[in-house]
Amino acid sequence: MALYKLSPILSVRIKYSQLRNGTYYYYRKIPSVHTGGTGRFARKCLSTSDPIVAARLIAQINKDMEMQWHGTHSHITPVAHNEYDLGVFLEKAIEPPRTLYPCREGVTSAESPERRLAPPERQSGTPPEFLLSDAVEFYLERHKKRNVTDFVEDTRRNWDSFLSIVGDKPFSEANRDDAHKFINTRLANGLKTGSIRRQLATLTAVFSKVIAEKELTRGNPFSKIQIAGDGEDAEEGIPFTPDDLKKTQDACKEMDDSIRWLAALQSDLGCRIAEVAGLALADLVLDEAIPYVSIKVHPWRSLKKGKENERNIPLVGLSLWAAQRIKSTAANGQTMAFPRYCSVGGCKATSASGAVNKWLRSEQLELTQKNHTSHDFRHAMADRLREVQCPEDIRKKIGGWKVYGLSEVYGKGYSLKVMLEWLQKVELKHPHHIA
């Protein structure tokens, strides 16, 4: 007989129940008159860890069995007396409000609730089980970024990876073993621990939200979980050497297409690939005294740290050339800087990164190092600014790196003129090419 604590002074025992590994079971000895004296037991897994749901299911099962035996028994016994808490529990467990479904054709909202219940509920008398697939929808409906396309897609993708490994089981049955199974499977598939850690952040957040909002008395299976060899397989960024960076920028101007414009913008801005690929055409501002790019949150593309990463960066060197080419070649009605990788429906930053990375590692560039990625432009910009002794807070403002210190978040920050002076100091010269 499982014990459920309602409050500091009241607990109830749910008769005919067992609690095993966090899951409730209906468990009752069948009267000997119905078994020929064999003393058999009726047992059924209820697939829930919620005592209120378990009490409802037990009540229904017990009712059916007692109808066969022509007897009635109470199955909930107070251990201590508290009229209010017991009343609330009984109200929820024995007479729960029915979940109404959208009216079907021919049934109006004025008709009885019983007629408006979905057929499975009318038949079983119990609400549908809350599954893992329901949890991610519950999470997204309540999240402040629910309308940010890439956030929603990333969340669904990470959650679908989890479901593909553990199955779409009831939310109440997901446990620590499932969390370890997910991690071990992803490691076996060759995923880096850093990537797994990012996926775990999504899974942890979904569980935390559902547990908190539904006021469940259970732990988060992903809380403080460890990954074997966490961080040991991380690949350090490789900044471009000055010669390799010049070769890459020269090749951008020679090939003069959208993939090279992406690379050129990154090379002299030092920003993230998603920040570039998700630009609207209007974010490239060329008709001001100091041309600049406006990196900001869009419905189709968020930023790593949200509005904290929003900034305007002066366009110089190859980034200015790329912005001019994007604007001058834009088709009538074009709204995105890179329509190949971005639309109002979302930003395909991964595809953009893959295209640039493939080119950077190709033999045609003849770089001294063959394992560069687009993110290495970012590392290179950090080193270039350090080399000219650019103040740290200006460098971080340009690159969108986190700035520490309360005073740094006040005011408008550095002007375009100040940032332009430092970016011009690291601009590479290309004497053999005409702008």
Let's go through K181 and D178 carefully: what are the C-alpha distance in whole Å and the side-chain angles of both, what is the deciding distance for salt bridge (Lys or Arg N to Asp or Glu O under 4.0 Å) to 0.1 Å, and is it a yes or a no?
CA-CA 5 Å; K181 182 179 180 181; D178 292 325; 5.9 Å; no
Under the salt bridge (Lys or Arg N to Asp or Glu O under 4.0 Å) rule, what do E153 and R156 come out as? Steps first, then yes or no, please.
CA-CA 5 Å; E153 289 181 351; R156 291 190 195 282; over 6 Å; no
Step by step, would you call S133 with D168 a side-chain hydrogen bond (donor to acceptor under 3.5 Å, both in side chains)?
CA-CA 6 Å; S133 56; D168 190 13; 2.7 Å; yes
Go through the steps to decide whether D268 and R384 satisfy the test salt bridge (Lys or Arg N to Asp or Glu O under 4.0 Å), and finish with yes or no.
CA-CA 10 Å; D268 272 343; R384 290 160 68 189; 2.8 Å; yes
For R378 and Q266: C-alpha separation, side-chain torsions, deciding distance, then whether side-chain hydrogen bond (donor to acceptor under 3.5 Å, both in side chains) applies.
CA-CA 7 Å; R378 190 163 167 77; Q266 266 199 292; over 6 Å; no
Let's go through D257 and R260 carefully: what are the C-alpha distance in whole Å and the side-chain angles of both, what is the deciding distance for salt bridge (Lys or Arg N to Asp or Glu O under 4.0 Å) to 0.1 Å, and is it a yes or a no?
CA-CA 5 Å; D257 59 19; R260 264 44 67 170; 2.7 Å; yes
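Considering CD of Q334 and OG1 of T329, their distance stands at 7.0 Å, rounded to 0.5 Å. To the nearest 0.5 Å, atoms CG (N357) and CZ (R361) are separated by 5.5 Å. Here I326 contributes atom CD1 and L265 contributes atom CG; the two are 4.5 Å apart, rounded to the nearest 0.5 Å. How far NZ of K192 is from CD1 of I196: 10.5 Å, rounded to the nearest 0.5 Å. Atom CG of L245 and atom CZ of F377 lie 6.5 Å apart (nearest 0.5 Å). R186 CZ to L200 CG: the interatomic distance, rounded to the nearest 0.5 Å, is 10.0 Å.
Tested against V293, the residues V276, N312, L284 include a single side chain to side chain contact (heavy atoms under 4.5 Å, CB included) partner, L284. A ring pair (Phe, Tyr, Trp, His ring centres under 6.0 Å) with F207 is found for exactly one of F182, F138, F222, namely F222.
With contacts defined as side-chain heavy-atom distances shorter than 4.5 Å, the pair Q369/H372 qualifies. Side-chain contact between L318 and K253: present, with at least one pair of heavy atoms (C-beta onward) separated by less than 4.5 Å. Proximity of V344 to M336: side-chain heavy atoms (C-beta onward) are separated by under 4.5 Å at one or more points. At least one side-chain heavy atom of F240 sits under 4.5 Å from a side-chain heavy atom of L367. With contacts defined as side-chain heavy-atom distances shorter than 4.5 Å, the pair E421/K417 qualifies. When side chains are defined from C-beta on, T204 does not count as touching S223, because their heavy atoms never get closer than 4.5 Å. No side-chain heavy atom of I211 sits less than 4.5 Å from a side-chain heavy atom of T217. Here the side chains of M255 and W359 are in contact, with some heavy-atom distance below 4.5 Å.
Checking side-chain atoms of N158 against main-chain N and O of L203 turns up no donor-acceptor pair under 3.5 Å. Under a 3.5 Å cut-off, the side chain of E310 and the backbone N or O of V297 do form a donor-acceptor pair. No donor-acceptor distance shorter than 3.5 angstrom exists from the side chain of S353 to the backbone of T350, with no hydrogens or angles considered. Checking side-chain atoms of R176 against main-chain N and O of P221 turns up a donor-acceptor pair under 3.5 Å. In terms of modelled atom types and a separation under 3.5 Å, the side chain of R301 and the main chain of K296 share a donor-acceptor contact. Using modelled atom types, one side-chain atom of N175 and one backbone atom of D177 make a donor-acceptor pair closer than 3.5 Å. Distance alone, capped at 3.5 Å, is enough to place a donor-acceptor pair between the K327 side chain and the L281 backbone. For the pair W159 (side chain) and L132 (backbone), a donor-acceptor distance under 3.5 Å is present.
The two residues I259 and A355 come nearest to each other via the heavy atoms CD1-CB, 3.9 Å. Closest non-hydrogen pair, G278 versus C342, comes out as CA-SG, 3.9 Å.
Side-chain contact, S294 with D283: no donor N or O sits under 3.5 Å from an acceptor N or O. E129 and S47 form no side-chain donor-acceptor contact under 3.5 Å, judged by distance and modelled atom types alone.
Classified by interplanar angle (parallel below 30°, tilted 30° to 60°, perpendicular above 60°), the ring pair H375/H379 is perpendicular.
The residues R386 and D383 are annotated as salt-bridged, a charged nitrogen and a carboxylate oxygen being separated by less than 4.0 angstrom.
The aromatic ring centres of H143 and F151 sit less than 6.0 Å apart.
Taking the centre and axis of the six-membered ring of W422, the NZ or CZ atom of R395 falls outside the cone set by 45° and 6.0 Å.
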